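Just below is one structure, and these are the notes that go with it.
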Amino acid sequence: MDLSNLSVGDLRNLQEQIKQEMKKREVQEVQKAREQILAIAQSVGVPLKDLIATPARGSGKGTTVAVRYRHPDNASQQWTGRGRQPKWVKEWVEGGKSLDKLRV
């Protein structure tokens, strides 16, 4: 297609037609991929919910970490040793006391 002979208006019209055609084809490709994935899952007997679910990992959100430090006078104040030190730990250490005395 020789675009040099088209007017600016014709080029803009063509550009709009291209955008619409691209959107239409993208939707068609996603639908086709979805159908192929479902067909593969059905052929091996994997339920769709298992295919969509993400496997649990050993780390990340939802996992708990054991407490490593606990205040001797207030058991509700505890820290896993990860991330920033809580204020009470920082005050304990700045007071010249050993962090090892808080270890559980």
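Since the model is a prediction, treat every value here as computed from it, not as a measurement.
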**Fill in**
Members sharing Val89's hydrophobic cluster, built from side-chain contacts under 4.5 Å between Ile, Leu, Val, Met, Phe, Trp and Tyr, are Tyr69, Trp79, Trp88, Trp92, Val93, Leu99, Leu102
**Message:** Checking one residue: Val67. Which other hydrophobic residues are in its cluster under the side-chain 4.5 Å linking rule?
**Reply:** Val104
Applying side-chain hydrogen bond (donor to acceptor under 3.5 Å, both in side chains), can you list everything that pairs with [X], at least two apart in sequence or on another chain?
X: Arg70; result: Gln78
X: Glu21; result: Arg25
X: Arg84; result: none
X: Asn74; result: Ser76

Spatial distance of atom [atom1] ([X]) from atom [atom2] ([Y]) [nearest 0.5 Å]:
X: Glu91; Y: His71; atom1: CD; atom2: NE2; answer: 8.5 Å
X: Leu38; Y: Gln36; atom1: CG; atom2: CD; answer: 10.5 Å
X: Gln20; Y: Lys23; atom1: CD; atom2: NZ; answer: 7.5 Å
X: Lys24; Y: Glu29; atom1: NZ; atom2: CD; answer: 12.5 Å

Does some side-chain heavy atom of [Y] sit less than 4.5 Å from a side-chain heavy atom of [X]?
X: Arg34; Y: Ile37; value: no
X: Lys19; Y: Glu16; value: yes
X: Leu6; Y: Leu3; value: yes

**Message:** Assigning hydrophobic clusters by single linkage (Ile, Leu, Val, Met, Phe, Trp, Tyr; side-chain heavy-atom cutoff under 4.5 Å), is Val27 placed with Met22?
**Reply:** no
**Request:** Could you tell me which non-hydrogen atom of Ser4 sits nearest to which non-hydrogen atom of Asp2, and how far apart they are?
**Result:** OG-OD1, 2.7 Å
